[in-house]
Amino acid sequence: MKLILTAAVDHLGVAGDIVEVKDGYGRNYLLPQGYAIKWTRGAEKQIEGINRAREARTVRDNEHALQLRGQLEELSVELPARAASEGKLFGAVTAADVASAIKKAGGPNVDKRSVVINKPIKTVGSHTVGVKLTDAVTAHLPVKVVAS
């Protein structure tokens, strides 16, 4: 089965790649999860749009990564979350929450898979979160969790 990936899949490829997979894997996993679309000549035109979006999100080189790290570390990220009166959160802050808070604070688009949270954030206050831009460059930024 010939498919076009719409998201990165481990050991298979990244968004925009045309891959050949077994019928069951494509029909039962990739298509229902939204990781791929069926390949057609018309769908091949969508690859250009997917590749443009991927280039906008990716870090080009170490110089670009250092520039992004500077932008991220200057940000003041505030994340509202539901909390009890003693400051304990109902649930935890996820990487997706942090990525959307960075975007709302005026920062660059950050993929949620690049956000590194060492210990689960379950309390109100200031916490340090890492954003892995490349293997060599990681930005550490403070995230202030406030009760909403």
Check: [Y] main-chain N/O paired with [X] side-chain donor or acceptor under 3.5 Å:
X      : Y      : value
Glu20  : Met1   : yes
Thr128 : His140 : no
Thr123 : Gly87  : no

Of all the heavy-atom pairs spanning [X] and [Y], show the shortest one and how long it is.
X      : Y      : value
Lys112 : Ala95  : O-CB, 3.5 Å
Val143 : Val129 : CG2-CG2, 3.7 Å
Arg69  : Val137 : CD-CG1, 4.0 Å
Gly106 : Leu75  : C-CD2, 4.3 Å
Asp97  : Ala92  : OD2-O, 4.1 Å
Leu31  : Ala36  : CD2-O, 3.3 Å

With clusters defined by side-chain heavy atoms of hydrophobic residues (ILVMFWY) lying less than 4.5 Å apart, directly or transitively, does [Y] cluster with [X]?
X     : Y     : value
Tyr35 : Tyr25 : yes
Val9  : Val19 : yes
Leu30 : Trp39 : no

Discussion item. For Asp17, run the side-chain contact (heavy atoms from CB on, under 4.5 Å) check against Leu3, Leu5, Thr6 and tell me which one passes.
Written reply: Leu5
Side chains of [X] and [Y]: does their closest heavy-atom pair fall under 4.5 Å?
X      : Y      : answer
Pro142 : His127 : no
Leu133 : Ser114 : no
Leu68  : Leu66  : no
Val21  : Tyr29  : no
Val98  : Thr94  : no
Leu141 : Val131 : yes

Practice prompt. Could you tell me the separation between the NZ atom of Lys2 and the OG1 atom of Thr40, rounded to the nearest 0.5 Å?
Written response: 11.0 Å
Worksheet item: Can you tell me how far the CG atom of Leu89 sits from the CZ atom of Arg82, to the nearest 0.5 Å?
Response: 10.5 Å
Item to complete: Would you sort out whether Lys144 and Leu79 count as a side chain to side chain contact (heavy atoms under 4.5 Å, CB included), showing the intermediate values?
Response: CA-CA 6 Å; Lys144 186 176 180 185; Leu79 186 67; over 6 Å; no
